[in-house]
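Below you'll find the structure, written out as structure tokens, and then a few comments.
Remember, it's 1-based here, ligands and their atoms both numbered in the order they're listed. In this chain, residues are counted from 1 in sequence order. The structure displayed is predicted, hence computed values, not measured ones.
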Amino acid sequence: MNDMRILERAVEQTDIKISARKVQVHYGEKHALKDVDVDILDKTVTAFIGPSGCGKSTFLRCLNRMNDTIDSCRVDGRIALDGEDIYDKRVDPVQLRARVGMVFQKPNPFPKSIYDNVAYGPRIHGLARNRAELDEIVEKSLRGAALWNEVKDRLSEPGTGLSGGQQQRLCIARAVATQPEVLLMDEPCSALDPIATSQVEDLIDHLREQFSVVIVTHSMQQAARVSQKTAFFHLGNLVEYADTDDIFTRPRDPRTESYISGRIG
Ligand SMILES: Nc1ncnc2c1ncn2[C@@H]1O[C@H](COP(=O)(O)OP(=O)(O)OP(=O)(O)O)[C@@H](O)[C@H]1O
Ligand SMILES: [Mg+2]
């Protein structure tokens, strides 16, 4: 191994943002996730792929304790953010979700103005000392979500009045406004047309300069385009986790191979 490669390996190992070990999820009697071990790297886009019902959304929701809101759901195992157990009793889930933000499949802007949608998180987390600072965060977040130019003259209009693709970028701006360390996205483009999809993909590529992004997608082309790491789930198991190029060109597990070649759907 040459020096550069050794150095790269060392960097990779210190850049673990979230580490999951032996994660099990039950919904009542249903065993939805089995012994999931994975390290999510910082400043990297990680794609979760796999057939419907395999546990992608379930696992994504474990990463910011969104499953806490589902009564029948029980999570076991250990998930650490920067080495600290996020299920520790001392961790406040609201604070955690500011650090590990989430964007859902269906755009869900609050019934508030465009401005207030983005300002919401910074306000509750006290990120701005005054109106000028808040204005700055709102503008920066909307620029970051590639939406500023389209909305800068209508910030006081309702977020729900935007097109679907604009609403999804507004939700991304809202998530980015709290300066998360990790952004979880569950099929963020499934309600979008190809143009809006490509805008969101460009944005994801840009966001990874600042933090780590985890995206669930049914589109293997999308996973290949936007991610550097891919995890393939099947029937509640994490079957294979590797560099995206390797998953798509030389998968090691026959189940991954079947899925990417279209035999398991
Ligand atoms: N709230 C819930 N209550 C009970 N069972 C659930 C709940 N949410 C998910 N499940 C079950 O857990 C398993 C994993 O579901 P999950 O939603 O994580 O799959 P997914 O991979 O995201 O699928 P899709 O691609 O269709 O979104 C499925 O069998 C599902 O029926
Ligand atoms: Mg899902």
**Report entry** Sub-4.0 Å protein heavy atom near atom 30 (C) of ligand 1
**Finding:** no
Query raised in the report: So, Q105 and the Mg ion (ligand 2): N/O/S under 2.8 Å, yes or no?
Result: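 Within the cut-off used here (under 2.8 Å), Q105 places no N, O or S atom near the Mg ion (ligand 2).
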Report summary line: protein heavy-atom neighbour closest to atom 12 (O) of ligand 1 works out as Y27 CE1, 3.3 Å
Report task. Report the nearest protein non-hydrogen atom to atom 27 (O) of ligand 1: residue, atom name, distance rounded to 0.1 Å. Result -> E187 OE2, 3.6 Å
**Report entry** Proximal atoms of ligand 1 relative to H218 (non-hydrogen, under 4.0 Å)
**Finding:** 24 (P), 25 (O)
Looking at [Y] and [X], is any side-chain nitrogen of the basic one under 4.0 Å from a carboxylate oxygen of the acidic one?
X	Y	result
R78	D37	no
R74	D76	yes
E181	K17	yes

Requested in this report: Work out whether the distance between some heavy atom of G50 and some atom of ligand 1 is less than 4.0 Å.
Outcome: no
Judged on heavy-atom distance to [atom], which of [options] sits nearest?
atom	options	value
atom 16 (P) of ligand 1	D186, T58, T69, L60	T58
atom 22 (O) of ligand 1	S57, C54, C73, C62	S57
atom 28 (C) of ligand 1	G53, S52, A32	G53

Query raised in the report: Taking atom CD1 of I114 and atom CZ of R174, what is their separation to the nearest 0.5 Å?
Result: 13.0 Å
Requested in this report: Give, for atom CZ of R123 and atom CD1 of I137, the distance between the pair rounded to the nearest 0.5 Å.
Outcome: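 Going from CZ on R123 over to CD1 on I137, the span is 10.5 Å.
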Query raised in the report: Any side-chain heavy atom of I260 within less than 4.5 Å of one from F248?
Result: yes
Query raised in the report: Which bit of I70 gets closer than 4.0 Å to ligand 1, counting heavy atoms only: side chain, backbone, both or neither?
Result: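 Near ligand 1, I70 shows its side chain, while the N, CA, C and O stay back.
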Query raised in the report: For V118, which of T178, L155, L170, V176 qualifies under side-chain contact (heavy atoms from CB on, under 4.5 Å)?
Result: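 Option passing the side-chain contact (heavy atoms from CB on, under 4.5 Å) with V118: L170.
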